[in-house]
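Below is one structure, written out as structure tokens; the observations come after it.
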Amino acid sequence: MSEKKIPYKIYLEESEMPKTWYNVRADMKNKPAPLLNPETFKPMTEEELSVVFCEELVKQELDNENRYIEIPEKIRDFYKMYRPAPLIRAYCLEEKLQTPAKIYYKFEGNNTSGSHKLNSAIAQAYYAKDQGLKGVTTETGAGQWGTALSMACSYLDLDCKVYMVKCSYEQKPFRREVMRTYGASVTPSPSETTEVGRKILAEHPGTSGSLGCAISEAVEVATHTPGYRYVLGSVLNQVLLHQSVIGVESKIAMDKYGIKPDIIIGCAGGGSNLGGLISPFMGEKLRGEADYQFIAVEPASCPSLTRGVYAYDYCDTGMVCPLSKMYTLGSGFIPSASHAGGLRYHGMSSVLSQLYEDGYMEARSVEQTEVFKAAEKFARVEGILPAPESSHAIKVAIDEALKCKETGEEKTIFFGLTGTGYFDMFAYGRYNDGTEFPKGYRQVDRFLNGSFVIFSKQSVYNHISGNYDARHNKMSSIEFRHYIGTMRQSYSTIKKFTKFLSIYQKNPFSTKDKKEEVEIHRRIEESCKFDKFIEENWDKWCLKEICDKNNNHVGIQLAYFFRCLHSVEKSHLDVKNNQIVAGCIVSHNVLSVLKFRKRKF
């Protein structure tokens with residue numbers, strides 16, 4: 001069809017709006033791994049998940065088979081207040097760039113919340129109301145999700161408690177006030193109002209917070225308050241399902257005009273926008289019906305796909321939520337203060353992680369300054385002030401368009417404009433004043449070069465130290481981190497690992513219970529067997545070579561890691577695609593070193 005017949009904005013009729021959500025998991029050959037119970041390390045059951053989430057949402061979370069799920073009529077009626085959203089041809093941007101590429105974007109900012117988040121907020125609030133609940137709790141980063149949920153809860157007369165990442169709470173007071181105007185209570189996270197919040201503040205005084213921290217607090221309140229459930233704005237399967245309305249609408253509009261994108265780009269934090277945008281197109285690729293290039297764009301300050309490890313990890317910083325197999329920087333990772341607050345999450349959706357692992361999509365990370373340069377260029381020609389999160393996708397879309405300018409290719413580029421930046425003027429002000437933004441990768445490097453991805457505090461002590469009484473939970477999180485830190489600093493090479501026995505034998509955490517003492521001595525004997533285990537495999541696994549090449553610190557991490565492999569139950573191990581994952585403790589550096597080596601245990 002002639003290009004001239006394609007309008008600047010393509011709107012669907014209300015009658016053309018999707019009546020079903022599309023479930024991409026139904027077309028995935030390798031299904032995303034199940035959520036694990038943090039106590040048993042077994043897949044979470046519907047009954048267990050229902051303690052935290054609404055019953056109908058749990059069914060959606062676990063549904064890997066049904067390709068289409070009907071959108072309830074009341075949700076479709078709510079959608080009509082701001083949907084269908086326009087598919088826009090960026091003629092002005094194309095002219096500015098002097099590129100032969102054709103650029104399209106799906107604009108999701110036509111509602112008071114200013115973003116795509118309302119698509120899932122109304123769905124989750126609807127199911128909470130339908131279940132007869134009093135209210136819901138949640139976290140929010142930049143505030144778009146919290147705003148969207150407060151709007152949905154107000155519409156359905158539900159109470160809404162929001163824990164907002166502290167740096168965003170301070171940087172974006174107007175978004176906070178929008179939430180309060182719609183009746184929500186808003187608390188900066190981490191806070192003194194929850195047990196997990198107090199622990200995090202004790203360990204990280206003055207922290208700017210993270211989505212992982214806020215999730216921990218929201219879950220604690222939901223599980224301790226009768227008549228409440230926790231709802232999440234990203235990451236979970238159910239959220240990507242609701243957000244598929246973005247991609248389905250886009251696909252319908254493009255098909256009407258014979259448009260087929262070559263490249264599809266979305267910003268990526270937890271995965272809600274990206275997952276929703278690409279779902280129907282990814283479905284075609286999975287079924288072998290069409291081919292597309294998918295690009296996830298994440299901030300350099302929180303690059304879970306480009307710098308993370310594909311492993312089971314806690315979904316929250318407080319380690320009270322289920323474990324999800326995803327690309328992660330570690331649940332303890334707190335990124336540097338970023339103005340793209342909605343992308344400050346340590347992990348990635350299990351669906352997108354599996355697709356990325358299987359090679360169906362690629363990922364790139366970008367710095368804040370370059371993101372704002374792209375946002376400014378876009379705003380000056382397209383007339384929309386984009387949110388910092390959305391501007392990550394704009395940056396890569398412009399990059400791809402300029403590549404087409406160099407090669408002369410007439411590729412069709414499609415990206416998601418997730419929302420507006422009118423409440424992000426503090427960030428734009430800093431950019432306009434020439435204030436240097438912190439280099440996000442530096443915080444990442446500091447963390448990854450000296451940290452552990454801790455999967456279970458209890459199993460670490462059960463399987464490694466032999467001094468932790470899981471039943472009485474005698475060791476606090478602060479003591480735990482201090483103990484690990486002391487051991488890391490005290491011993492410099494794997495050869496000195498046997499000296500850890502002196503710590504075990506002192507047994508500072510044991511009780512006078514004779515049975516416990518017998519058990520501890522049994523574990524000490526196991527540690528002696530471990531010494532032999534290391535010696536036998538020293539040459540086989542090139543441990544000296546790895547230590548010499550990667551410094552002694554990595555050697556210490558290897559010591560912990562191999563002790564885990566020696567003592568942990570077989571069910572806690574996952575050896576796949578030349579990458580080793582242990583269910584109780586994994587060092588990011590160790591996985592990076594060993595990623596290319598296939599081991600058999």
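Quick note: numbers below take in every heavy atom, side chains included, and nothing from hydrogens, waters or symmetry partners.
By the side-chain contact (heavy atoms from CB on, under 4.5 Å) test, Ser365 is found to be paired with Glu298, Pro303, Thr306, residues two or more places apart in sequence or in another chain being considered. Residues that satisfy the side-chain hydrogen bond (donor to acceptor under 3.5 Å, both in side chains) test with Glu56, not counting sequence neighbours, are absent from this structure. Applying the side-chain contact (heavy atoms from CB on, under 4.5 Å) test to Ala290 and every residue at least two apart in sequence or in another chain returns Lys260, Glu284, Tyr292. Every residue meeting the side-chain contact (heavy atoms from CB on, under 4.5 Å) condition with Ala222, not counting sequence neighbours, appears here in chain and number order: Thr137, Tyr230. By the side-chain contact (heavy atoms from CB on, under 4.5 Å) test, Asn23 is found to be paired with Arg25, Asp63, Leu241, residues two or more places apart in sequence or in another chain being considered.
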>> Let's go through Leu133 and Arg229 carefully: what are the C-alpha distance in whole Å and the side-chain angles of both, what is the deciding distance for side chain to side chain contact (heavy atoms under 4.5 Å, CB included) to 0.1 Å, and is it a yes or a no?
In response: CA-CA 8 Å; Leu133 299 176; Arg229 290 295 187 276; 3.3 Å; yes
>> For a side-chain hydrogen bond (donor to acceptor under 3.5 Å, both in side chains) check, start with the C-alpha distance between Gln243 and Asn273, then their side-chain angles and the critical distance, and finish with the verdict.
In response: CA-CA 7 Å; Gln243 294 297 353; Asn273 153 70; over 6 Å; no
>> Does Met348 form a side chain to side chain contact (heavy atoms under 4.5 Å, CB included) with Ser353? I'd like the steps, not just the answer.
In response: CA-CA 6 Å; Met348 183 58 62; Ser353 292; 3.6 Å; yes
> Step by step, would you call Val297 with Ile295 a side chain to side chain contact (heavy atoms under 4.5 Å, CB included)?
Replying inline: CA-CA 6 Å; Val297 191; Ile295 304 176; 4.2 Å; yes
>> Using the rule given for salt bridge (Lys or Arg N to Asp or Glu O under 4.0 Å), can you reason through Glu55 versus Lys59, listing the C-alpha separation, both sets of side-chain angles and the distance that settles it, and then say yes or no?
In response: CA-CA 7 Å; Glu55 293 170 359; Lys59 293 178 182 178; over 6 Å; no
> Could you go step by step and tell me if Thr194 and His224 meet the side chain to side chain contact (heavy atoms under 4.5 Å, CB included) rule?
Replying inline: CA-CA 10 Å; Thr194 64; His224 288 75; over 6 Å; no
> Gln60 and His242: side-chain hydrogen bond (donor to acceptor under 3.5 Å, both in side chains), yes or no, with the steps?
Replying inline: CA-CA 10 Å; Gln60 293 177 4; His242 305 150; 2.8 Å; yes
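Looking only at side-chain heavy atoms (C-beta outward), Glu108 and Leu417 stay at 4.5 Å or farther from each other. Between Asp313 and Leu323, the closest side-chain pair of non-hydrogen atoms is not below 4.5 Å. With a 4.5 Å cut-off on side-chain heavy atoms, Val165 and Glu139 do not count as touching. No side-chain heavy atom of Glu61 sits less than 4.5 Å from a side-chain heavy atom of Phe53. Looking at Leu149 and Ile122, their side chains never come closer than 4.5 Å, going by heavy atoms from C-beta outward. Side-chain contact between Lys31 and Gln354 is absent, with no heavy-atom pair separated by less than 4.5 Å. With a 4.5 Å cut-off on side-chain heavy atoms, Ile215 and Cys321 count as touching. Between Ile75 and Trp21 there is a side-chain heavy-atom pair separated by less than 4.5 Å.
Neither side chain, His346 nor Ser304, offers a donor N or O lying under 3.5 Å from an acceptor on the other. Side-chain polar atoms of Lys117 and Ser272 form a donor-acceptor pair below 3.5 angstrom. One side chain, Ser189 or Glu217, offers a donor N or O that lies under 3.5 Å from an acceptor on the other. A donor-acceptor contact closer than 3.5 angstrom links the side chains of Ser390 and Thr418.
To the nearest 0.5 angstrom, Leu118 atom CG is 10.0 Å from Thr147 atom OG1. The CE atom of Met44 lies 8.0 Å from the OG1 atom of Thr40; values are rounded to the nearest 0.5 Å. Between atom OH of residue Tyr22 and atom OG1 of residue Thr20 there is a gap of 11.0 Å, rounded to the nearest 0.5 Å. Taking OG of Ser279 as the start and CG of Leu274 as the end, the distance is 8.5 Å to the nearest 0.5 Å. Here NZ of Lys199 is found 13.0 Å from NE2 of His204. Values are rounded to the nearest 0.5 Å. How far SG of Cys315 is from CG of Leu236: 6.5 Å, rounded to the nearest 0.5 Å.
Contact between Glu220 and Val196 at its shortest, heavy atoms only, is OE1-N, 3.0 Å. Of all the heavy atoms in Thr207 and Pro190, the pair that sits closest is CG2-CG, 3.5 Å. The shortest non-hydrogen separation linking Ala363 to Leu305 is CB-CB, 3.8 Å. Of all non-hydrogen atoms in Pro72 and Glu70, the two that sit nearest each other are CD-O, 3.5 Å. The minimum heavy-atom distance linking Gly416 with Leu277 is given by the pair N-CD2, 3.6 Å. Between Ala33 and Lys325, the shortest heavy-atom distance links the atoms CB-CB, 3.6 Å.
Looking only at distances, no side-chain donor or acceptor of Ser324 sits under 3.5 Å from a matching main-chain atom of Met326. Using a distance-only test at 3.5 Å, with no hydrogens or angles considered, no donor-acceptor pair links the side chain of Gln144 to the main chain of Gly419. Listed for the Thr45 side chain is a donor-acceptor partner under 3.5 Å among the backbone atoms of Glu48. Formation of a donor-acceptor pair under 3.5 Å by the Asp358 side chain with backbone atoms of Leu355 is not found in this model.
Geometrically, Lys106 does not engage Phe414 in a cation-pi contact, judged by NZ or CZ lying under 6.0 Å from the ring centre and within 45° of the ring axis.
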Name each donor-acceptor pair under 3.5 Å that joins a side chain in residues 262-270 to protein atoms two or more places apart or in another chain, with its distance.
{"from": "Asp262", "atom 1": "OD2", "to": "Thr412", "atom 2": "N", "distance (Å)": "2.7"}

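Among Val136, Val239, Thr138, the one residue that satisfies the side chain to side chain contact (heavy atoms under 4.5 Å, CB included) test with Gln124 is Val239.
Applying the 6.0 Å contact sphere to CD of Glu289 captures more than 12 heavy atoms from other residues, nucleotides or ligands. Lys42 NZ: 12 or fewer foreign heavy atoms inside a 6.0 Å radius. In this structure, Gln131 places its CD atom where more than 12 heavy-atom neighbours from other residues, nucleotides or ligands lie under 6.0 Å away.
In this structure, the ring of Tyr327 has its center less than 6.0 angstrom from the ring center of Tyr356.
Salt-bridge check for Glu362 with Arg364: passed, with a basic side-chain N closer than 4.0 Å to an acidic carboxylate O.
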